[in-house]
Amino acid sequence: MIKVTLKDGSINEYKKGITIKEVAESISAGLARVALAGEVDGVVRDLGYKLENDCKLNLLTFDDEGGREAFRHTSSHIMAQAVKRLYPEAKLAIGPAIDTGFYYDFDVEKPFSPEDLEKIENEMNKIIKENYAIERFVLPRDEAIKFMEEKGETYKVELIKELPEDEEISFYRQGEFVDLCAGPHLSSTGKVKAFKLLSVAGAYWRGSEKNKMLQRIYGTSFPKKSQLDEYLARLEEAKKRDHRKLGRELDLFDIFEEGPGFPFFLPKGMVLRNILIDYWRQEHKKRGYQEISTPIILNEDLWHRSGHWDHYKENMYFTTIDDANYAIKPMNCPGGMLVYKRKLHSYRELPQRIAELGLVHRHELSGVLHGLMRVRCFTQDDAHIFMTTDQIKDEIKGVIELIDDFYKIFGFKYHVELSTRPENSMGTDEQWEVATNALREAMESMGMKYKINEGDGAFYGPKIDFHLEDSIGRTWQCGTIQLDFQMPERFDLTYIGPDGERHRPVMIHRVVFGSIERFIAILTEHYAGAFPVWLSPVQVKVLPILDKHHEYAKRVEQKLIENGLRVETDYRNEKIGYKIREAQLQKVPYMLVIGDKETENGTVAVRSRKDGDIGSMLLDDFVNKIVEEDRQKK
RNA sequence: GCUGGUGUGGCUCAGGGGCAGAGCAGCGCACUCGUAAUGCGCAGGUCGUGGGUUCGAUUCCCACCACCAGCUCCA
């Protein structure tokens with residue numbers, strides 16, 4: 001007999017060799033029905049896995065990551081089986097579960113078309129209906145290679161050959177289909193109740209553009225049809241929130257063919273942009289930052305000195321002026337260096353926090369451009385902090401607090417990643433270690449959770465990245481804090497210490513919004529275009545019912561303007577329902593309907609974007625209410 | 001940059017080798033109206049750009065450009 005400890009801490013005894021599935025059945029039929037896999041002493045296993053020793057067992061359902069993964073992974077195998085039936089010459093690459101579903105990469109002569117997807121879906125339904133048992137088996141390395149070679153699965157052969165020596169090489173069989181796979185999987189194909197294939201895309205073998213491009217099919221799957229429908233509805237909702245669509249509809253910004261990746265901001269978008277910038281300036285002033293502005297074009301020589309020429313040239317634009325070579329800045333730091341170097345600095349002046357809203361240009365590949373999220377020119381809300389070594393930790397903490405304060409205002413969730421030394425970088429290992437540890441210590445002293453992002457630092461130093469979560473659950477890097485020992489060295493920055501000697505300052509590069517453009521895109525999707533009062537380009541729309549109400553409407557408008565509110569009045573000769581509809585579609589937070597009653601009583605009939613008609617109130621009361629909402633950043 | 005798809009009035013989209021269509025928006029006129037679309041009329045397009053095939057191309061072919069979905073890369 002063996003002792004099995006369950007999640008709730010209870011210990012049951014079973015005979016040796018009992019399967020996970022049988023344990024689930026012994027607990028309840030309901031649990032056995034929803035169990036998809038089991039976690040045995042921390043390792044996720046198939047339901048058919050035999051328990052041979054005392055262990056901790058955690059039964060996994062679709063609500064657990066491990067359960068979901070098994071479910072989606074099996075879904076991808078079903079898809080691969082269907083593809084092999086329809087296109088026997090297709091070679092299998094890899095087919096993992098991902099957060100939102102699964103994909104499988106195939107090497108095929110002809111790319112899949114949307115009609116092909118339909119055929120594949122139909123075949124998958126057959127496979128699910130046929131309800132094959134899924135069996136695991138293990139082969140020794142040489143047999144495994146031979147097995148896959150015979151099938152002509154060259155990618156699988158390559159994968160097996162690269163597996164570590166001691167790795168068990170497992171396969172899963174369902175009907176006529178066998179795939180190399182670590183598992184775990186569901187016990188049969190019939191368990192996948194609801195799935196949909198979503199898209200086809202090219203994807204490089206092993207993610208390297210040097211390799212052949214394969215055809216990837218994305219799909220998603222759920223135990224219940226209702227869950228699938230819910231997911232698809234969420235995708236639709238995400239489409240509605242797309243900032244590119246909303247940006248045009250709400251006249252915030254636009255991008256033209258004449259300037260791919262170079263966005264134009266329209267009057268309403270500028271209102272939003274300027275509010276963000278005003279707030280940014282105010283908060284930075286409070287925290288001891290000074291602001292500068294450096295040129296967009298600077299002599300190429302500067303970029304040789306900064307290391308950008310060696311490490312960032314591919315992303316830069318160049319130009320010539322009077323036969324001399326110049327570069328368009330992709331970053332603000334070198335300009336900041338020149339400003340620091342103008343004068344000798346005393347240790348008493350440090351830390352120096354120098355901010356710059358700098359417009360940078362970067363040559364991004366045409367295929368990655370995406371509305372305001374990925375552009376070729378954007379405004380970084382940059383700052384460079386020059387400091388002594390013992391000021392590092394406090395300065396980093398200060399920036400972390402600043403970023404947290406900003407994101408909280410907008411109600412964003414975010415997570416933090418620490419990026420370490422990349423391959424093509426400057427400096428010594430020791431410098432990198434000191435810098436990386438400084439960032440780590442600052443975060444740990446604040447009790448922050450973070451993920452390590454190996455090899456993803458800037459070429460001049462490690463960084464802390466802040467990733468905001470948008471409406472679709474995509475994450476976008478916004479804020480970043482980068483610690484840099486290289487630029488001060490390269491530009492021979494110094495300060496005079498208490499000892500009268502020259503010392504080398506350390507530098508932080510940091511942004512809060514990251515890029516104003518991207519931040520506006522994220523805000524737009526986050527609020528689905530319905531910006532809170534303090535950010536709305538138009539806060540109040542005055543809607544007179546008839547032309548005889550225009551005079552009072554004008555007075556209302558004037559009063560709101562006097563109180564610093566952003567207001568528009570619809571004087572057109574249209575029915576009130578029409579005016580409301582339009583204001584509502586423009587997502588104006590408050591509409592004021594002005595008719596006989598209001599004109600007589602000095603009131604306004606308030607309609608909120610969110611709650612509809614909320615009744616009449618005195619004009620003064622309304623003004624106070626909105627001014628207060630604006631002030632509180634609601 | 002790579003793979004696939006798309007490109008027709010400001011927007012959303014239909015059409016298709018032989019005079020280019022609709023709805024919304026715009027403009028004009030009428031209606032004076034209380035919480036998401038009043039009615040009638042008018043105007044608006046070299047069918048992304050450049051080549052080619054053809055008696056004739058917006059339609060078929062080629063190249064380029066832009067956009068979309070991914071890949072790779074990133075604020």
Side-chain angles (χ1 to χ4, degrees), chain A residues 103 105 108 110-114 116 198-218 239 242 244-245 248-249 251 254-261 312 314-315 330-332 358 360 362-382 419 456 458 463 465-468 476-480 482 509 511-519 521-522 543-549 573-586 591-598 605-609 611-616:
Chain A
Y103 67 81
D105 287 347
V108 282
K110 234 179 68 191
F112 297 113
S113 67
D116 292 333
L198 298 168
S199 60
V200 209
Y204 300 108
W205 167 237
R206 318 211 114 175
S208 166
E209 53 192 328
K210 292 188 190 97
N211 292 336
K212 179 162 185 185
M213 182 163 272
L214 309 172
Q215 291 299 312
R216 174 174 297 179
I217 304 180
Y218 282 93
K239 243 187 243 169
D242 191 314
R244 292 167 298 184
K245 183 174 137 70
R248 245 203 327 271
E249 284 171 4
D251 295 317
D254 212 343
I255 301 175
F256 306 105
E257 267 207 33
E258 288 81 352
Y312 211 74
E314 286 69 37
N315 288 296
M331 296 188 195
N332 302 304
V360 297
R362 298 181 183 178
H363 177 70
E364 300 291 346
L365 295 177
S366 61
V368 307
L369 302 179
H370 181 92
L372 291 184
M373 297 274 198
R374 273 302 279 281
V375 290
R376 284 180 172 152
C377 77
F378 56 97
T379 308
Q380 287 186 308
D381 62 319
D382 218 340
S419 293
D456 208 37
K463 55 181 186 164
D465 291 325
F466 291 73
H467 295 257
L468 284 190
W476 291 94
Q477 186 183 318
C478 291
T480 165
Q482 311 179 344
H509 311 242
V511 288
V512 182
F513 291 137
S515 134
I516 308 254
E517 290 76 4
R518 177 181 286 184
F519 200 79
I522 294 167
L543 308 174
I545 292 173
L546 300 174
D547 24 2
K548 63 175 167 173
H549 306 126
N573 183 13
E574 291 292 350
K575 288 178 81 171
I576 193 67
Y578 182 83
K579 293 183 182 181
I580 286 170
R581 176 182 156 79
E582 208 163 83
Q584 190 78 38
L585 289 174
Q586 283 293 305
M591 289 151 263
L592 299 181
V593 176
I594 305 295
D596 286 341
K597 276 180 277 173
E598 291 71 27
V606 184
R607 182 186 165 95
S608 121
R609 166 182 70 194
D611 302 319
D613 190 349
I614 55 173
S616 287

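Being a predicted model, the structure only gives us computed values, none of them experimental. A note on names: the letters A, B, ... follow the listed sequences, proteins ahead of strands, and every chain is numbered from 1.
Rounded to whole Å, atom C1' of rA36(B) lies 7 Å from atom CD1 of I580(A). Atoms CH2 (W476(A)) and P (rC73(B)) sit 15 Å apart, rounded to a whole Å. Rounded to a whole Å, the CG atom of L365(A) is 11 Å from the C1' atom of rC71(B). The distance between atom NE2 of H370(A) and atom C1' of rC67(B), rounded to the nearest whole Å, is 12 Å. Remark: P of rG1(B) and NZ of K212(A) are 23 Å apart, rounded to the nearest angstrom. Counting to the nearest Å, the P atom of rC73(B) and the CZ atom of R206(A) are 15 Å from each other. Protein atom CG of L546(A) is 5 Å distant from nucleotide atom C1' of rU32(B), rounded to whole Å. The interatomic distance linking L369(A) (CG) with rG70(B) (C1') rounds to 15 Å, in whole Å.
The side chain of V593(A) lies closest to rU35(B) when the candidates are rU35(B), rC74(B), rU38(B). Of all nucleotides listed (rC71(B), rG34(B), rA36(B)), rC71(B) comes nearest to the side chain of A203(A). When the nucleotides rU38(B), rC31(B), rA75(B) are ranked by their closest atom to the side chain of N573(A), rC31(B) comes out on top. Distance from the side chain of P260(A) is smallest for rC67(B) among the nucleotides rC65(B), rC67(B), rA75(B).
In this model, the phosphate group of rG34(B) is not approached by any side-chain N or O of Y578(A) to a distance below 4.0 Å at OP1 or OP2. Between rC74(B) and Q477(A), no contact under 4.0 Å exists linking OP1 or OP2 to a side-chain N or O. For the pair H363(A) and rG1(B), the criterion of a side-chain N or O lying under 4.0 Å from OP1 or OP2 is not met. Contact annotation: K463(A) reaches the phosphate of rA75(B) (side-chain N/O to OP1 or OP2, under 4.0 Å). Using a 4.0 Å cut-off, some side-chain N or O of S366(A) falls inside it from OP1 or OP2 of rG1(B). OP1 or OP2 of rC68(B) lies within a sub-4.0 Å distance of a side-chain N or O belonging to R244(A).
Residues K463(A) and Q477(A) meet the side-chain proximity criterion, which asks for heavy atoms closer than 4.5 Å. Between I580(A) and V593(A), the closest side-chain pair of non-hydrogen atoms falls below 4.5 Å. P260(A) places none of its side-chain heavy atoms less than 4.5 Å from the side chain of E364(A). Between V606(A) and L592(A), some side-chain heavy-atom pair lies under the 4.5 Å cut-off. Counting heavy atoms from C-beta on, the side chains of D547(A) and N573(A) never come closer than 4.5 Å. Using a 4.5 Å cut-off on side-chain heavy atoms (C-beta onward), C377(A) and E517(A) make no contact.
The separation of rC47(B) from rC60(B), taken at their C1' atoms, amounts to 15 Å, rounded to a whole angstrom. As rounded to the nearest Å, rG39(B) and rC24(B) have P atoms that lie 9 Å from one another. On the P atoms, rG26(B) is 33 Å away from rU59(B), given to the nearest whole Å. Nucleotides rG18(B) and rC61(B) have their P atoms positioned 15 Å apart, rounded to a whole Å. The same atom, C1', is picked in rU46(B) and in rU8(B); the two are 12 Å apart, to the nearest Å. rA63(B) and rG41(B) have their C1' atoms separated by 45 Å, with the value rounded to a whole Å.
With a 3.5 Å ceiling on both atom-pair distances, rC74(B) lacks any Watson-Crick or G-U wobble partner. Checking rA69(B) for Watson-Crick or G-U wobble geometry (two distances, each under 3.5 Å) identifies rU3(B) as its partner. The nucleotide rG41(B) finds its pairing partner in rC27(B), both defining distances of the Watson-Crick or G-U wobble pair being shorter than 3.5 Å. Under the Watson-Crick or G-U wobble criterion, with both distances below 3.5 Å, rU35(B) has no partner in any strand shown. Figure legend. rC64(B) is base-paired to rG48(B); pairs are counted as Watson-Crick or G-U wobble with both atom distances under 3.5 Å. The partner of rG56(B), taking Watson-Crick or G-U wobble pairs whose two distances both stay under 3.5 Å, does not exist in any strand shown. Taking a pair to require two hydrogen-bonding distances under 3.5 Å in either a Watson-Crick or a G-U wobble arrangement, rA22(B) pairs with rU12(B). Pair check for rG17(B) finds none; no Watson-Crick or G-U wobble contact set falls under 3.5 Å.
Separating the CG atom in L365(A) from the CG atom in N315(A) is a distance of 8.0 Å, to the nearest 0.5 Å. Rounded to the nearest 0.5 angstrom, R216(A) CZ and Y103(A) OH are separated by 4.0 Å.
Side-chain atoms of D465(A) and base atoms of rC74(B) include no donor and acceptor less than 3.5 Å apart. Side-chain atoms of E364(A) and base atoms of rA75(B) include a donor and an acceptor less than 3.5 Å apart. Counting atom types as modelled, Y204(A) pairs no side-chain N or O with a base atom of rG70(B) as donor and acceptor under 3.5 Å. Contact of R374(A) with rC73(B) (side chain to base): a donor-acceptor pair of N or O atoms is detected under 3.5 Å. Donor-acceptor pairing under 3.5 Å, judged by distance alone, is present between the side chain of E598(A) and the base of rG34(B).
rC11(B): glycosidic angle beyond 90° from 0, hence anti.
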